[in-house]
Amino acid sequence: MRGNCAASAPALIFRDMDKSEIADIFEEIAVLLELTGENPFKARAYTNAARMLDTYEGDLAQLVAEDRLEELPGIGKALHQKITELVKTGRLEYYEKLRASVPEGLLAMMDIPGLGPKKIKAFHEKLKITSLAELEAACQDHRVGKLPGFGAKSEEKILAGITQSREYAHLFRYAEAWAEAEEIREALRGHEAVIQLSLAGSLRRGREIIKDIDLVASSSEPAEVMDYFVSLPGIKQVTNHGPTKSSILLESGLSVDLRVVSDKEFPYALHHFTGSKEHNVAMRQRAIAQGKKMSEWGLFLTGSGKKKNAEDDGELVPCRTEEDLFAALGLQYIPPELRENLGEIEAAEKNEIPRLVEWTQLRGTFHCHTNWSDGKNTLSEMAGEARELGLDYLGIADHSKSSFQANGLNEDRVGEQIELIAKLNTQIDDFHVFAGSEVDILKDGRLDFSDDVLKRLDYVVASVHNVLNQEEDEMTKRVIRAMENEYVTMLGHATGRLLLQREPSKINLGKIIDCAARTGTWIELNCSTWRMDMDWRWWHRARDLGVKCAINPDAHRVSQLAMLRHGVIMARKGWLRREDVVNTLSLAAVKKALAR
DNA sequence: GCCGTTTTCGGCCCGACTGTTTTCAGTCG
């Protein structure tokens, strides 16, 4: 999660310091300690404390007040003192001094793949490098390659990494952007001059990766709304402040555009600023073909359809909503998630926009972790939270033994966990926990457990976690071999993540989908580890072949279960319908589907 | 810097991969 954050470090002075802010500071201290060559275990102590604070559900301020911080795991005398200072004063002298002692550019280097504290330290000490630009120059004139332990390939990789990091520096994941947008919407909704207000742009369309937040509002007093908007808290910079359009840059690095129009213009503006560009082009062409003209200001009857100037606009086709606008062009309503000009206009013309899956249709989830492997919560905590969310069932799929780093379960512990889940199920009658496992797909496509172990489980998620550098052909064969195992229920997220990585895809998804259709394997639509935009047309193919997909949060803590909502958006972008998504099955239907 | 004791200090996740070396250090998951 650090990712982009390292470059834009938090301000040194905080008010109302909360747990996650303290966790962020501890995370950064850990990196800084590594960069200064401190004992790595000291750095790890800060990382561990940060993770603990992130998941701690209690009242931190109260613990501080009662001097009971050391009851928390991973908090000793030193961290007790530091947390207390942060909570009481909103700042930490130790952190400020540490930060001042390390050039900011070194932190930014941590985001370059293949660079860690040791190498960065070497650049700094031996080449006096303090920024990405200096590092780039040093690679170009081969000073880096002359350092012991580095060579021509290192220089190439670093240069590629720098280019990439520049390209992606201002991209945010959907969930991050959405949370920021919610706060601003909340604030704007409270303003009396705002009549209608909506998200627009890529965020409204549910893209995985967001560049900025677009908002559209209607008002008869646009200037008032603008003044209010640019005075909201949390703004780093006002980059634009006009009477109907303003832009702000948030502390997080996200920029937000707000456009205010008259209430009459709202549906046209909303459609226009929702995009995508490709969808809009196709819509305008359609309007022209019908003798109309479409823009952000309205849909007009032009007669010839060739007039370009605003003064030449003909009569406005009145629309109160986006639904009216689509209808005026002879189209069924197209949900924002589908507006990519990937066939949605043709489908809407024939009234064939599928009925997409809704959050309220989800009955349960598979693939969640517990503290048996690398999850943060207990089995019963996870089950409790899933129940709170209104689900009927929860699938537990902790890691298998080969995932050492994740404390994967061996055969004995799997057996113990199956028994524990069976016991838990006897204690609750309106909710069910399925005993599964996220089993590693080994390098050659064999699975981490023998069939004797696999068949004792309710279901099996097969995932690739290591040896990610195989050629496309080899990786595809490896995954297909795993999917052909009769006990494998679904293909897990790590494979999905491969597809989302910045590097070119190393798996033939067409073959994987064909295999899923042939073997009846479900494919997991991952919603917690998005990296880059996915080509959703693959999911059209999956749907056409009758492949079932699973919306799984891959939750490692109770708070991540809500990620299921984002999974619904992903499913919508793939045009998946209720019947395509296994999570919409009732408990009885799941039991039937998993019966062997 | 924390923890668990063996109350004073050693251990703290571990294996694969990469690019460099020719046996290994650093990074990653």
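Letters go in sequence order (proteins before strands), and every chain restarts at 1.
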On a whole-Å scale, what distance lies between the P atoms belonging to dT5(B) and dC12(B)?
15 Å
All heavy atoms of Ala43(A) vs all of Glu34(A), minimum pair found to be CB-CG, 3.7 Å
Toward the 5' end of DNA chain B, which comes first, Pro148(A) or Gly116(A), by nearest nucleotide?
Pro148(A)
Quick one: Asp448(A) CG to dA16(B) P, roughly how many Å, whole number?
12 Å
Could you please name the option among dG26(B), dG1(B), dC17(B) that lies closest to any side-chain atom of Lys119(A)?
dG26(B)
Taking any heavy-atom pair under 4.0 Å as a contact, classify Pro40(A): base, sugar-phosphate, or nothing.
nothing
Has Arg207(A) got a side-chain atom pairing as donor or acceptor with Tyr174(A)'s backbone, closer than 3.5 angstrom?
no
Base, sugar-phosphate or nothing for Asn407(A)? Non-hydrogen atoms, less than 4.0 Å.
nothing
The side chain of Arg44(A) lies closest to which of these nucleotides: dC13(B), dG1(B), dG26(B)?
dC13(B)
Could you tell me whether Lys121(A) contacts a base, only the sugar-phosphate backbone, or nothing, with contacts defined as non-hydrogen atoms closer than 4.0 Å?
nothing
Can Asp514(A) and Arg518(A) be counted as an ion pair, charged N to O under 4.0 angstrom?
no
Which nucleotide, dC12(B), dT27(B), dC2(B), lies nearest any side-chain atom of Leu79(A)?
dC2(B)
Counting side-chain heavy atoms from C-beta on, which of dC2(B), dT18(B), dT20(B) comes nearest to Lys157(A)?
dT18(B)
Whole-Å gap separating C1' (dC14(B)) and NE2 (His465(A))
16 Å
For nucleotides dT27(B) and dG10(B), find the distance between their C1' atoms and express it as a whole number of Å.
26 Å
When the C1' atoms of dG1(B) and dT8(B) are compared, how many Å lie between them, rounded to an integer?
16 Å
Using purine N1 to pyrimidine N3 plus N6-O4 or O6-N4 for Watson-Crick, or N1-O2 and O6-N3 for G-U wobble, each under 3.5 Å, what pairs with dT8(B)?
none
Would you mind classifying the nucleic acid contact of Pro73(A) as base, sugar-phosphate or nothing, using non-hydrogen atoms under 4.0 angstrom?
sugar-phosphate
Please determine if a side-chain N or O atom of Lys42(A) lies less than 4.0 Å away from the OP1 or OP2 oxygen of dC12(B).
no
When rounded to whole Å, the CG to C1' distance for the pair Leu147(A) and dG26(B) reads 14 Å
I'd like to know if Asn48(A) reaches the base of dG1(B) with its side chain such that a donor and an acceptor end up less than 3.5 angstrom apart.
no
With heavy atoms under 4.0 Å as the rule, sort Ala152(A) into base, sugar-phosphate or nothing.
sugar-phosphate
Distance-only, no hydrogens or angles: does the Asn508(A) side chain make a donor-acceptor pair with backbone N or O of Gly510(A) under 3.5 Å?
yes
Taking the P atom in each of dA16(B) and dT22(B), what is the distance between them to the nearest angstrom?
23 Å
Give Ile75(A) one of three labels, base, sugar-phosphate or nothing, depending on what nucleic acid heavy atoms sit under 4.0 Å from its own.
sugar-phosphate
Roughly how many Å apart are dT20(B) and dA25(B), using the C1' atom of each and rounding to a whole number?
9 Å
Roughly, in whole Å, what's the span from CE in Met475(A) to P in dC17(B)?
11 Å
Using atom P in both nucleotides, what's the gap between dT18(B) and dT7(B) to the nearest angstrom?
46 Å
Is there a salt bridge (Lys or Arg N to Asp or Glu O under 4.0 Å) between Arg99(A) and Glu28(A)? Walk through the geometry before answering.
CA-CA 9 Å; Arg99(A) 264 197 84 193; Glu28(A) 198 176 318; 3.4 Å; yes
Distance, C1' atom - from dC17(B) to dT6(B), rounded to whole angstrom
39 Å
Is it the case that the side chains of Asp448(A) and Ser402(A) hold a donor-acceptor pair, with the cut-off being a distance below 3.5 Å and no angle test?
yes
So what does Phe26(A) hit on the nucleic acid, given a heavy-atom distance under 4.0 Å: a base, only sugar-phosphate, or nothing?
nothing
Between P on dG1(B) and CD on Glu34(A), what's the gap in Å once rounded to a whole number?
15 Å
When rounded to the nearest Å, what value does the distance between C1' atoms of dT21(B) and dC14(B) take?
23 Å
Atom-to-atom span, CD1 of Ile158(A) to P of dT20(B) - whole angstrom
10 Å
Atom pair distance, as rounded to whole Å: CG in Leu32(A) and P in dG1(B)
14 Å
Only one of Ile421(A), Leu394(A), Val590(A) passes side chain to side chain contact (heavy atoms under 4.5 Å, CB included) with Phe434(A); say which it is.
Val590(A)
Specify the residue among Lys77(A) and Ala406(A) whose closest nucleotide of DNA chain B lies further upstream toward the 5′ end.
Lys77(A)
So, OP1 or OP2 of dG1(B): does either fall under 4.0 Å of a side-chain N or O from Tyr94(A)?
yes
Interatomic distance where CD1 belongs to Ile112(A) and C1' belongs to dG26(B) [whole Å]:
16 Å
Side chain of Asn39(A) - closest among dT27(B), dG1(B), dG19(B):
dG1(B)
Check whether Glu134(A) reaches the backbone of Thr130(A) with its side chain - one donor and one acceptor, N or O, closer than 3.5 Å.
yes
Taking the side chain of Ser154(A) as its heavy atoms from C-beta onward, which of dT18(B), dT27(B), dT20(B) lies nearest to it?
dT20(B)
